[in-house]
Every structure is written in structure tokens, then in C-alpha cells.
Amino acid sequence: MKVGILGGTGWLGGALARNLLKAGHPPGDLLVLNRRGPVADFDAWPGVVWPADLAAMAAACDVLVLSVRPEDYRVAAPLPFGGQVISFMAGVSLEDLARDFPAARIARAMPGGGASEGTAHVPWCGAGEAGVLAALGQVDRVADEAALAYLSALSGSGAAYPALMAQAMYRHALAQGLPPDVAWNAVRSVVCGSPALFAGGIAQAEALLETYHSYRGITAAGLDAAAAAGFSDAVAAALEAATAKALDF
């Protein structure tokens, strides 16, 4: 199976390309297109093909991945490509893509953080198969573009919300007079050390919270105050605003 990646040296496109190659995909069956031509990132795989343009790549591949910024995406005329198109572009709908590739099976995907390591959540919707996405992480097919927009706001945010919490905790610790290194060590232990405690699923996370509440101690007081201050409402507002933005591109 020949895979062509438009924007194959960017963050997502490059992650997909390198992860495919590391998993054993033949270099000669991977086509990478960008504005600059061959880059050092692919020196370890000298057989990778660098086509001259999108039309040439589409003519030579079975799966075509579109991984460029929406404002950089241009197809002058419909292309006679009959394979699988997978788009990572926000705001370019399945309907838009079908006009550019009228004979193709069209899908959209929104990989989240962790794509480079192959640990991303990768929701997708549309027609055909998207097996190549497994190189980026956990793949979930969703019903439609509305669900994809919501997941762009949720798992597509990557580490943004944990980073926001880390920043808030760190700044609060500094305001209490703690030295920066001590403040950061404390925050890092919370943000970086905790996820493994509920990696088994939401039931594990809920059990952890229930345990803290049952102690009626220091952390329970903090959890109660967070709830009273509207912590859940703030998270919901963030996700709703981000989803609206995803739908309004």
C-alpha cells in the first residue's frame, strides 16, 4: 500500500510518516510532499519518494493524507484519485474534500497530543478505512463531523488543559512564598505523576476521587472548594467554546 502525505514534514504529517517507517512500512511505498523537498528527518530512510506536486503524488499512491494548514490547502481542479483520502485539516469539510476528490473515499481525522510517540487519541469520521492512523495511537471512528469537532476540543487539546492547571498551581504556590524549584517539584509530582493512578479507565478515576472524599481530609476540602467554585462548569465552558471554534472554521 502506497501512502502519500501532503505536509509530510510537519508535526502531524511527519509523525505519521516516521511512525509508519519505524513500524516497517517500506520507504519506497511512502511519498512525502512539502514546500522544501527532502529533509534530514528522513535520512535514515533513503528510499522515501518526494513527488513534484500533489497531482503526481495522488497518481502514485493508494492512501492520500492531507496534513497542511487549511489556509495552505489549494486544489486548482478536481483530481481523478480513486483511493482513500484522510484529512487532518480543521474546517475543511467532507463535502469540500469530495469536490476536490470526487472519485475518492473521504475521511477526516483529528489526532491529539502524543502523535509523535504513537500515543495520541485519533478520532475519525467519513468513508472507507483509516488503518494507517493506528501509527499515531488509539483510533476511534465517530458518527459525524459534529462528534469530530467535539473531540478536536477534547482529546485534540493534548496537554493544554493539564498545562493550564499546572500553571495555576505553580503561580499559586509562588504566591505563598515557596521557592520556584520547590513549587515546580510539587506541581510536577501532581501533573506528571498522577495519570498512572487512573490509567485503567474512568471507573478508576472516580474511585480515586471517592477515596479522597471518604477521608474527609485536606484533599477532600480542596475538592469540595473546587466544585463550589465551578470547576466542572469551567471545564464544560472551555470544551463548548473550543467545539464552537472547531465548527466555525
Side-chain angles (χ1 to χ4, degrees), residues 7 9-16 18-19 41 67-71 88-91 109-124 133 135-140 142 147-202 204-209 212 218-249:
T9 56
W11 172 56
L12 277 177
L16 177 61
R18 288 188 297 273
N19 287 353
D41 289 357
S67 184
V68 294
R69 295 176 181 175
E71 59 268 28
F88 293 161
M89 298 183 294
M110 286 290 156
S116 296
E117 297 78 22
T119 59
H121 180 232
V122 192
W124 73 281
L133 297 178
L136 297 176
Q138 174 64 52
V139 179
D140 282 325
V142 297
L148 192 67
Y150 177 77
L151 289 170
S152 299
L154 183 56
S155 55
S157 65
Y161 295 118
L164 184 63
M165 187 177 75
Q167 182 188 66
M169 287 182 160
Y170 179 71
R171 289 177 175 176
H172 191 269
L174 293 181
Q176 309 314 302
L178 288 175
D181 58 337
V182 175
W184 176 243
N185 286 339
V187 172
R188 181 175 58 190
S189 72
V190 172
V191 177
C192 301
S194 297
L197 297 176
F198 46 87
I202 187 59
Q204 201 167 354
E206 290 174 343
L208 180 67
L209 290 172
Y212 276 120
I218 296 170
T219 303
L223 291 171
D224 288 343
F231 185 86
S232 294
D233 292 340
V235 172
L239 293 175
E240 287 166 8
T243 301
K245 180 67 174 178
L247 291 168
D248 191 41
F249 261 98

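Quick note: numbers below take in every heavy atom, side chains included, and nothing from hydrogens, waters or symmetry partners.
With rounding to the nearest 0.5 angstrom, the CG atom of Leu223 is 8.5 Å from the OH atom of Tyr212. In this structure, CG on Leu12 lies 9.0 Å from CE on Met110, to the nearest 0.5 angstrom. Distance check: Met89 CE to Glu71 CD gives 10.5 Å after rounding to the nearest 0.5 Å. Distance OG1/Thr219 to CG/Asp224: 11.0 Å, rounded to 0.5 Å. The distance from atom CG of Leu148 to atom CG of Leu247, rounded to the nearest 0.5 Å, is 9.5 Å.
For the pair Val142 and Tyr150, the minimum side-chain heavy-atom distance is 4.5 Å or more. The shortest side-chain heavy-atom distance between Leu151 and Leu154 falls under the 4.5 Å cut-off.
Within 6.0 Å of OH on Tyr170 lie more than 12 heavy atoms contributed by other residues, nucleotides or ligands. Summarising the local packing, CZ of Phe231 is surrounded by 12 or fewer heavy atoms from other residues, nucleotides or ligands at distances under 6.0 Å.
Under the 3.5 Å distance criterion, the side-chain polar atoms of Asn19 are left unmatched by any main-chain donor or acceptor of Gly137. Within the 3.5 Å criterion, the main-chain N or O of Gly114 finds a donor-acceptor partner in the side chain of Thr119.
The two residues Ala166 and Val191 make their nearest non-hydrogen contact at CB-CG2, 3.8 Å. Between Leu239 and Ala153, the shortest heavy-atom distance links the atoms CD2-O, 3.6 Å. The two residues Trp11 and Ala115 come nearest to each other via the heavy atoms CZ2-CB, 4.2 Å. The shortest non-hydrogen separation linking Tyr161 to Ala242 is OH-CB, 4.3 Å. Contact between Leu136 and Pro111 at its shortest, heavy atoms only, is CD1-CG, 3.8 Å. Nearest heavy atoms, Ala120 versus Gly112: CB-O, 3.3 Å.
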Test log, rule side-chain contact (heavy atoms from CB on, under 4.5 Å), inputs Leu133 and Phe88: CA-CA 11 Å; Leu133 297 178; Phe88 293 161; 3.6 Å; yes
